[in-house]
Each structure stands twice: as C-alpha cells, then as structure tokens.
Amino acid sequence: MMNLKHLSIICSILVVAIISMSACHCRVLQPNDLKLIEETCKRTPNPNLCLQLLKADPRAPSADIAGLALILVDVIKAKATEAEKTIKQLLKQGGNKKALSECADDYDGILMLDVPTATRAVRGDPKFAENTVSDCAVEADSCENGFHGKSPLTHVNNGMRDVANVARAIIRNLL
C-alpha cells in the first residue's frame, strides 16, 4: 500500500514537470534577451529593418552575434530564392530576357556561392564572411543596373541590398 501511494505521488510530480517543461517552449522575449539584439542593430545602417528581421526569428533571443549574423544570412537566402521565383515568372511573361537572365545568374551566385560561403565563414573567418555578404549587395546592384532604366526587380534588389548591408554590419562586430 505504501509503495502504491509513493508511486502515485511520483507520477503526479512527473506529469506536472512534463507539463511545465512543455510550457517553457512558448518563450516570450524578455528585456535581457532583446538587449544584444537592440545593441547590435543600433550599429547597422538600418536598425529598424535589423530589429524587424531578428525579432521575427525564434533563434535570435538565444543567439550570440555570430548567430544573429547567421540568421541574416538565412534571410539573404530566402530573399534570393524568392528573387529567382520572381525572375522565372517575369521570363515567362516575356520580360527583358537579357537583363532577367543576368539577374538569374546574379541571384544564382548568391544562392550557390555567397550564402554557403558566408555560412561557413561567419564563425571561422568573419572578414571573408563580411566580403561574401557584401557581394550579395553588389549582385543585387548588378541586377538592377542591367535594366538600364525601369527595372521590374527594383523592390527585390533594394531588399537584398538592405539585408546584405545589415548582415555585413553585424559581421563586422566579429572582426
């Protein structure tokens, strides 16, 4: 009888512990969590964009500066992927084939070279990561300038350039 009572108490404690642990995964940003994010974003060319992107990512509150940089490299990857989809749609619609094809090459370079290289280099060779992320902005500008006038990708290219410049500024903190 005594063992059954103890077993019942232990089971109750385990159930409460499991429920409590699963509730902990619903994390709310606390002021201390935001401090590194806010201080880091203040040192970028676009603090509002930086805060918007990092606060939207669940990894940011527990990330160090390198982790914040890697989050932004992931944003670059997502933006480049979306740019490629947009370029394919524009090509199907009969847009400026030469300029769009060059843009496709630019964004393919971001996805195939710049993003993987920056991801590897952030923690090992931040200067190389900075240069690689900077190249993403150069590629976006190259795409934009290829239209010699009104570009259907201005919004996409500006977004890439802005994120790349924020990522570059964060990576500079690692030098």
So CD of Glu102 and OG of Ser142: to nearest 0.5 Å the spacing works out to 7.0 Å

Drop me the distance from Asp108's CG to Cys103's SG, to the nearest 0.5 angstrom. 12.5 Å

Identify the heavy atoms of Glu130 and Ile171 that sit nearest to each other, and give their distance. N-CG2, 3.7 Å

Taking atom types as modelled, is there a side-chain donor on Glu144 or Thr154 under 3.5 Å from an acceptor on the other? yes

Would you say Asn96's side chain and Ala99's backbone share a donor-acceptor pair under 3.5 angstrom? yes

Could you give the distance from CD1 (Ile87) to OG (Ser101), rounded to the nearest 0.5 Å? 9.0 Å

Give the minimum heavy-atom separation between Asp114 and Thr132, together with the two atoms involved. O-CG2, 3.0 Å

Is Leu90 reachable from Met160 through a run of hydrophobic residues whose side-chain heavy atoms are each under 4.5 Å from the next? yes

At their closest point, which heavy atom of Ala80 faces which heavy atom of Ile110, and how far apart are they? CB-CG2, 3.8 Å

Would you give the length of the straight line joining atom OG1 of Thr40 to atom CG of Leu54, rounded to the nearest 0.5 angstrom? 8.0 Å

Looking only at heavy atoms, the pair that brings Ala169 and Pro45 closest together is CB-CD, 3.7 Å

In the single-linkage hydrophobic clustering (I, L, V, M, F, W, Y; side-chain heavy atoms under 4.5 Å), do Val163 and Ile65 co-cluster? yes

Does any non-hydrogen side-chain atom of Lys77 lie less than 4.5 Å from one of Thr119? no

Does the pair Arg59/Asp74 count as a salt bridge with the N-to-O cut at 4.0 Å? yes

Membership question, hydrophobic clusters at under 4.5 Å side-chain separation (ILVMFWY): are Leu91 and Val156 in the same one? yes

Does Glu39 come within less than 4.0 Å of Lys42, counting only side-chain N to carboxylate O? yes

Considering all heavy atoms of both residues, which atom of Ala66 and which atom of Arg123 are nearest to each other, and what is their separation? CB-NH1, 3.3 Å

Is there a path of hydrophobic side-chain contacts, each under 4.5 Å between heavy atoms of I, L, V, M, F, W or Y residues, that connects Phe128 with Ile170? no

Interatomic spacing from CG in Leu113 to CD in Glu139 - rounded to 0.5 Å: 8.5 Å

So do Leu49 and Leu53 actually touch side chain to side chain, heavy atoms under 4.5 Å? yes

Indicate if Leu111 and Val133 have the same hydrophobic cluster label, given that clusters are the connected sets of ILVMFWY residues with side-chain heavy-atom separations under 4.5 angstrom. no

Just by distance, do the side chain of Ser151 and the backbone of Phe147 share a donor-acceptor pair under 3.5 Å? no

Test: disulfide (SG to SG under 2.5 Å). Region: residues 36-84. Which pairs qualify, not counting sequence neighbours? Cys41-Cys50

Between Asn145 and Asp141 (side chain of the first, backbone of the second, donor and acceptor by atom type, cut-off under 3.5 Å), is there such a pair? yes

Would you kindly say whether Asn157 and Tyr107 are connected by a side-chain donor-acceptor distance under 3.5 Å? yes

To the nearest 0.5 Å, what is the distance between CG on Asp106 and CG on Asp135? 9.0 Å

Correct closest heavy-atom pair for Ala63 and Leu36 would be O-CD2, 3.4 Å

With side chain to side chain contact (heavy atoms under 4.5 Å, CB included) as the test, would you mind laying out the steps for Val122 and Leu174 before giving the verdict? CA-CA 8 Å; Val122 162; Leu174 300 170; 3.9 Å; yes

Could you tell me whether Glu84 and Lys88 make a salt bridge, using a distance below 4.0 angstrom between a side-chain N and a carboxylate O? no

Between Asn158 and Arg161: side-chain donor-acceptor atoms closer than 3.5 Å: yes

